[in-house]
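The structure under discussion appears below in the form of structure tokens.
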2 protein chains.
Amino acid sequence: MGPELVAAVRRFNRTVTQRVGALDDEYMASGRPLAQARLLWEISPAGAEVAALRARLGLDSGYLSRLLRALENDGLVTVAPADQVGCDARVRVAALTEAGRAEWAALDERSDEFASSILTPLSEQSREQLVEAMAQVERLLVASMVVIEPCPPGDPRARACVRAYARDIARRFDGGFDPALSKPVHDEELVPPAGVFLLATLNSEPVGCGAVKLHPDAPAEIKRVWVADTVRGLGIGRRMLCDLERYAHERGWTTVRLDTNRSLTEAIAMYRSTGYREIEPYNDEHFAHHWFEKDLTAGAGAA
Amino acid sequence: MGPELVAAVRRFNRTVTQRVGALDDEYMASGRPLAQARLLWEISPAGAEVAALRARLGLDSGYLSRLLRALENDGLVTVAPADQVGCDARVRVAALTEAGRAEWAALDERSDEFASSILTPLSEQSREQLVEAMAQVERLLVASMVVIEPCPPGDPRARACVRAYARDIARRFDGGFDPALSKPVHDEELVPPAGVFLLATLNSEPVGCGAVKLHPDAPAEIKRVWVADTVRGLGIGRRMLCDLERYAHERGWTTVRLDTNRSLTEAIAMYRSTGYREIEPYNDEHFAHHWFEKDLTAGAGAA
DNA sequence: CCATATAGCTGACTTTAGTCAGGCATGTAG
DNA sequence: CTACATGCCTGACTAAAGTCAGCTATATGG
């Protein structure tokens, strides 16, 4: 990592925590302890489950409970079991009262004011430059917050990704997608040592996946590379591919292969640009039009 | 202000306080209370006056004192009167001991690590994009932190600016600059109602100035527009000019004039681009080559 | 010299944040 | 039905953060 890059990031961190971080806190606190204000904000007019709040704010269960009681005593919040039949009666849902919604709206207002206070001193042109640069920073920060880790293919988050993957390709393939016609992939094939399933998460939420099968005496095979459209275009797919290749390479495989459908044009472009070259069909996958192969011994393969 | 712009800034604030703000705190805390760590960091190997620390960190005098005692007890810091003769013996200076410098270096190291941890997951190309966008955001945030306010011309910060202004033009004018040959400007002319002196500050530090003389029965005259080179190119000069014009306009003047030296090319370009047109000499200023005038009744004049 | 301001310090205090060990009701696997 | 896990709760506690009044020594203006 170049030291100038690191220095630039540090300068940014300093300026931004000074200007945005500190003032954000100040704007949040409205005569109310910060933790309470944050909690109120997080509950939002839509309401939220207690467990979700705990996860999002990273609070201790007891502490959160106490904060909720404080807001309840002030008449801003009600906490009650979700009143639907059949759902877990232990789970409780926090909702804003009339007064709570009013205070939430006040916080919302202040957030707007704060954002405006950053833009106001600038010229029209500078404002647009700033907003554009902010959007860019935000995109890339989000990208850098995505974590790619091995995950059992049976994990609910993994299942959710694979379902989303199937939905996506069903929508994109001309003629749709019928899993029954496709070569099946069994969970056991994606569990070490036979292979691996990698899950990409953003704040613990699944946003992408990919898998590799380590065929004995044959090239490794990459399957099910998928990225949620909320984080598409941030290089997650490329990182996923790279991590899968590294996984195979570290375990002694020198070649990876994959098949793909002609309608997945961006994916095909990505394969080509990261060193894959098209080869003759190596299987009879019903939905495949292109087959690719990459030699793992050639490139560096660093992240 | 467009609501999309405000929304974009808010999204940025959210992402950035989450990723940078929270983790920055975490990286700062090294088994030591955050406030102590921040203080240690702020003292830095260069040392700092107690009053300066109080201002920079925004701490209560008593609280700061206690924090300093804590660091002193841990053998990280010494607090002593500045040992120069003739300086205020009440003012005390905090300095790092050997151990303090070691811990400061550790914090420095962690800051580097933190910055790296943001860049590491990204591709080479994304890293450069991120750093570029960060630099842009930082520049513009700094610009938006600059405050322009009226200030008595006798204020030490105002004097410092005017001195810096004189130094700057002395360096740039071909043939140097001799104040004795220039038309003098007296303090009384820059105090309401005769005129005004505006000071631009960044975190209370002076970074620019400008003045306008409200000549009775004659166009107002802009003088001494200067911007420190640390914040040049951020549109501060333009804002200063705009504020001076507004000041004159609000008090009934419809025209402003100014004279300038041919070597100040950026300034001349700025005058031209903000509605000034060149006119015949209206004075015999020794160092002036160009005279400009602007009609304040024409444009909108909004910030 | 006096009155007054200023810089930093100390003691006494409150509030906020956060932790930990249980407790109770509900759910679930055997 | 039992045993155990889970979700949320309360009580008891600690540490950190921050506030306020008053103190001492030095500076400053008359």
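Quick note: numbers below take in every heavy atom, side chains included, and nothing from hydrogens, waters or symmetry partners. Everything numeric in this text was worked out from a predicted model, so none of it was measured. Proteins get letters first, then strands, A, B, ... in listed order; numbering begins at 1 in each.
The listed nucleotides are C:dG27, D:dG7, C:dA7; the one nearest the side chain of B:V91 is C:dA7. Side chain of A:A51, nearest nucleotide from C:dG27, C:dG8, D:dC8: D:dC8. Across D:dC9, D:dG7, C:dA7, the shortest atom-to-atom separation from the side chain of A:R69 is found for D:dC9.
Counting non-hydrogen atoms of neighbouring residues, nucleotides and ligands closer than 6.0 angstrom, the CD atom of A:E98 reaches no more than 12 such neighbours.
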Got a list of protein N/O to nucleotides 15-23 of chain D N/O distances below 3.5 Å?
| from | atom 1 | to | atom 2 | distance (Å) |
| --- | --- | --- | --- | --- |
| D:dA17 | OP1 | B:A35 | N | 3.4 |

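Whole-Å rounding puts the A:L71 CG to C:dT16 P distance at 12 Å. As rounded to whole Å, 12 Å separates atom C1' of C:dG8 from atom CD of B:E49. Atom CZ in A:R38 sits roughly 10 Å away from atom P in C:dG18 (whole-Å rounding). Remark: P of D:dC9 and CG of A:L64 are 7 Å apart, rounded to the nearest angstrom. In this structure, the CG atom of A:L57 is 12 Å from the P atom of C:dA17, given to the nearest Å. Atom pair A:R90:CZ and D:dG7:C1' shows a separation of 6 Å (rounding to whole Å applied). A straight line from CG of A:D88 to C1' of D:dA5 spans 11 Å, rounded to a whole angstrom. Distance CG (A:L68) to P (C:dG18): 15 Å, rounded to an integer number of Å.
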From CA spacing to verdict: salt bridge (charged side-chain N to carboxylate O under 4.0 Å, His left out), B:E149, B:R157:
CA-CA 12 Å; B:E149 280 172 328; B:R157 294 171 308 169; over 6 Å; no
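Ring geometry for A:W41 against A:W104 counts as parallel: the plane angle stays under 30°, on a 0 to 90° scale with 60° as the upper cut.
Looking only at distances, no side-chain donor or acceptor of A:T201 sits under 3.5 Å from a matching main-chain atom of A:N203. The main-chain N or O of B:P153 is found under 3.5 Å from a side-chain atom of B:R159 such that the two form a donor-acceptor pair.
Summarising the geometry of B:S144 relative to A:R19, their closest heavy-atom pair is O-NH1, 3.2 Å, with the distance given to 0.1 Å. Of all non-hydrogen atoms in B:L140 and A:L122, the two that sit nearest each other are O-CD2, 3.9 Å.
The CE atom of A:M134 sits 13.0 Å away from the CZ atom of B:R10 when rounded to the nearest 0.5 Å.
In the helix from C:dC1-D:dG30 to C:dG30-D:dC1, the terminal helix axes, each the rotation mapping four pairs' C1' atoms onto the next four within five end pairs, subtend 20°, rounded to 10°.
Residue A:R92 places none of its side-chain N or O atoms closer than 4.0 Å to OP1 or OP2 of D:dG7.
Ionic pairing of A:D60 and A:R54 is not present here: no N-O contact between side-chain nitrogen and carboxylate oxygen is shorter than 4.0 angstrom.
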